[in-house]
Each structure stands twice: as structure tokens, then as C-alpha cells.
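Chain letters run A, B, ... following the sequence lines, proteins first and then strands; every chain starts at 1.
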Amino acid sequence: MSKQRKAVALISGGLDSMLAAKIVMEQGVHVEGINFFTGFCVEGHTHAIREKDKAKPKRNNSLWVAEQLSIKLHIVDVIEEYKNVLINPKHGYGAHMNPCLDCKIFMVNKAKQWIVENNFDFIITGEVIGQRPMSQRKGTMPIVAKQSGADDLLLRPLCAKNLPPTLPELEGWVDREKLHDITGRSRKPQMAMAAQFGFDDYAQPAGGCCFLTDKYYSAKLVDLWKSQGNKEYELDDVMLLKVGRHIRPQANFKLIVAREEGEGRFLQGYKKDFISMNSLSHTGPLVLIDGSASAEDLYLAARITARYGQGRDAEHVDINVMNKDGSERTIQVKPLKKEDMPKEWFI
Amino acid sequence: MHKETLNARRLLCPLPVIRTQDKVKQLKVGDQLEVICTDPGVMQDIPAWCRINGHKVLETISGDHEYIIILEVGP
């Protein structure tokens, strides 16, 4: 009896990687999943924070996919290593701050390291030629295989027939004839395949799973780097970019204004790291002040804070200012008018 | 039976799952781990992770913006 081969599948939580893993499992290969957490993965984050999203399911799609496939899933924290991918992408950015090709190379490389450490035989991805404008083109397929170091250990079951045979095919670990030749952006072949496998529920096909592909998020990230004069970041920085309204009246400071109760509760956890403000005389949001603000800046920030509360039309609003050490003081301000807030302030 | 507690407050999914996964690697079969979180997503994600990886959820507690999951490490 021949040895059962083992493969690790990159599971994003979307349909393509789910199908790719299933196709290989159907050929008797032992498959386990791997998922990389970069800090920019969409998943349930904002759902978990925002009160209005509480009714939405908060499932983690990669875990859900693994459960549907009855495979183990290894979630790997790559936050620190990913910084270099985002800050210095060899192949550049996509439409926004998304370094998709470098990201794919990085993840396949991490998977290659994983199979070596765990004595697995090859790697599976759900890539499809022509699916993504930057990272999934005919010309990028060999680049990912080569620059990741995975070479012919990287099998793409959904489009394998359009690519040169890989080692798993040449060695007969999988039957090339049972693999596929999907190309392009149409989702119909994948949806038909999902129906064949009995998958009637899956994450939105071709949906973005990374905040870096989002125009507004990318603008906030660029603003962060510009304001600090370098491209460094910590996890808390990139998490806070997902929350609240970000307003930068001046280069040296910005306000993060909670938009609703859930965000306010989330921002409460950062009160020891930032000066914070909230209205005492009226109902209003919690606001964090990011940067080094002078007394004059704080006065302006307090007027903006007042503008976002129920006292926006009042003559005066009492604003509580809390320092990082917990010391507090109250200042009375006139709320800033909407017309006094240029749109350039809004990041 | 050995019992440990993991503080995963303020972490958003999947970080509580990753921290749980890393902690469980240090424990033995039959040991218990209490994970304390503030992200309600853990009530779905940690039990799902346990089911996939053969661990048993003994108890889940939803408090005032705090969520506790007690699991037993499987083989």
C-alpha cells in the first residue's frame, strides 16, 4: 500500500481555497489548513466592535471552512514578519496599499517552512489564473512558486491544467486529470463545483479579506505613516485605524471619535495610551487624541468633541479631558460648527 | 488535572484563538484552560477551533462585556 501523502492548504475562508483543499482531499491526500493573521485580515474584527453589527454572524470564515472540510486548521500569527512585506513590497502595491503579490509569495514561503517542519509533502492554494489583477495572473504564477521557494511543491488544483505539472502530479500523489483548468474572473465554475460538493454556504465569492484593499483604510494608513515620518507600525495602530471617525485638524495630532457605543467601549481600552475626551454636560462620544497636542490643540479637539455630541447646538459644552495617567480636568467650550471643519480634516 | 487561565481581553479575533492555540500547545491532555476575552466573536471561534482540533469546551460564560470559555485539552 502506498504511503498517504500530506498537504497543507492555505485557507483564507473564501470559496476558492475551500474547493482547492476539497479537490485534493477527494484524491485521498491528508489535508490540513493553514491561515496567516497579518493584522489586516477583515474577518470579524469590526463586527465584534460595532454595536450595529451585533446581529451579524461573527464566525471566522477560515475556522468555519476547516470545520466544513473536517480538517485541522493552524492559525499563524505573522504580524511582525508581515511588516516588511507591507513596508517594502518588492513588487509594489495594488490599487491601494495592498502588496498582493508580495503577500502571496510571503504566505506560500511560510507554508513551505511549515511543511518542512511538520513533515508534509506539498502545498495547496486556491489561486486561479486571471482571478486577481495583481497577484493571480498567468505571469505571476511562476513568480509566486519560485520566489516563495515552494517551486514544484505548490499545487493549484483549480487551474493546474493550465500550468506545468508539479511534483505531486508527476509523482502520482494526485491525478492531474482530476484537477481543473479554471481561468478568469467568472465565479460560475467555482459555484458549480461548490454545488457538486454540497457546499451551499460559503463566504462571499471574490470578496476582499484584507483591509489593505480598502481605499479608506489605506488612506488612514498612509496618513499614519506621514504623520509619524516613517512607515513603522504596531498592531494597536492598525487596529485603531479600523475604528471610529479619524479627524486630523493639524499635522501633529488627530482625533479618533467613536461612532457608536460598541466603538466607544473598544476605545475605552486605550485610555491609558492616549489623552481622551468626552462631554460631561451632554451625551457624546469618547474621543482619543493621537499625537502630541498643545494646550491650544486640546482646546480645538474639545470643540470638535463637543460637535459630535448632543450639545452640538448648545452655547457651551463641558468637556472632560483625561490624561494618560488618569488625571482629569474640565474645560468649557463652544462646539465647532460643521462649516468650520474643512473636509481635508477627515481622513 | 492542571488548570491555567489565559487573559485575552482587548484582543480581537482571531488573536484570542491564536493565543489559545499557543497556550494549549504547552498543556497536557486533560488539562483545563480558562480563556477570558472581551471580543464576543470568541463564543463562536474558540468552540469551533476546539471542535476542529479535538479539544472539549466544558463551559462558556457570557458576562457584562466579558466572555469566558473553559476548555479541556484533548489528545
Checklist entry - Do any pairs count as a salt bridge (charged side-chain N to carboxylate O under 4.0 Å, His left out) and have a residue in residues 57-67 of chain B, sequence neighbours left out, and if so which ones? => result R9(B)-E66(B)

Checklist entry - Relative to chain B, which segment of I71(A) carries a heavy atom at a distance below 4.5 Å: side chain, backbone, both, or neither? => result backbone

Next on the checklist: Using 0.5 Å steps for rounding, measure from the CG atom of D77(A) to the CZ atom of R19(B).
Outcome noted: 5.0 Å

Item to check | CG on L235(A) to CG on L15(B), rounded to 0.5 Å | outcome: 6.0 Å

Item to check | Inter-residue atom distance L12(B).CG - F266(A).CZ, 0.5 Å rounding | outcome: 4.5 Å

Next on the checklist: For the backbone of D45(B) and the side chain of N60(A), can you confirm whether one donor and one acceptor N or O come within less than 3.5 Å of each other?
Outcome noted: no

Item to check | Heavy atoms of other groups near Y216(A) OH, more than 12 under 6.0 Å | outcome: no

Enumerate donor-acceptor pairs with a distance under 3.5 Å from any side-chain N or O in residues 46-55 of chain B to protein atoms, sequence neighbours excluded.
from	atom 1	to	atom 2	distance (Å)
R51(B)	NE	E67(A)	OE2	2.3
R51(B)	NH2	E67(A)	OE1	3.1
R51(B)	NH2	E67(A)	OE2	3.3
N53(B)	ND2	W49(B)	O	2.9
H55(B)	ND1	G74(B)	N	2.8

Checklist entry - When you measure from the centre of the six-membered ring of Y270(A), is the NZ or CZ of R10(B) under 6.0 Å away and within 45° of the axis? => result yes

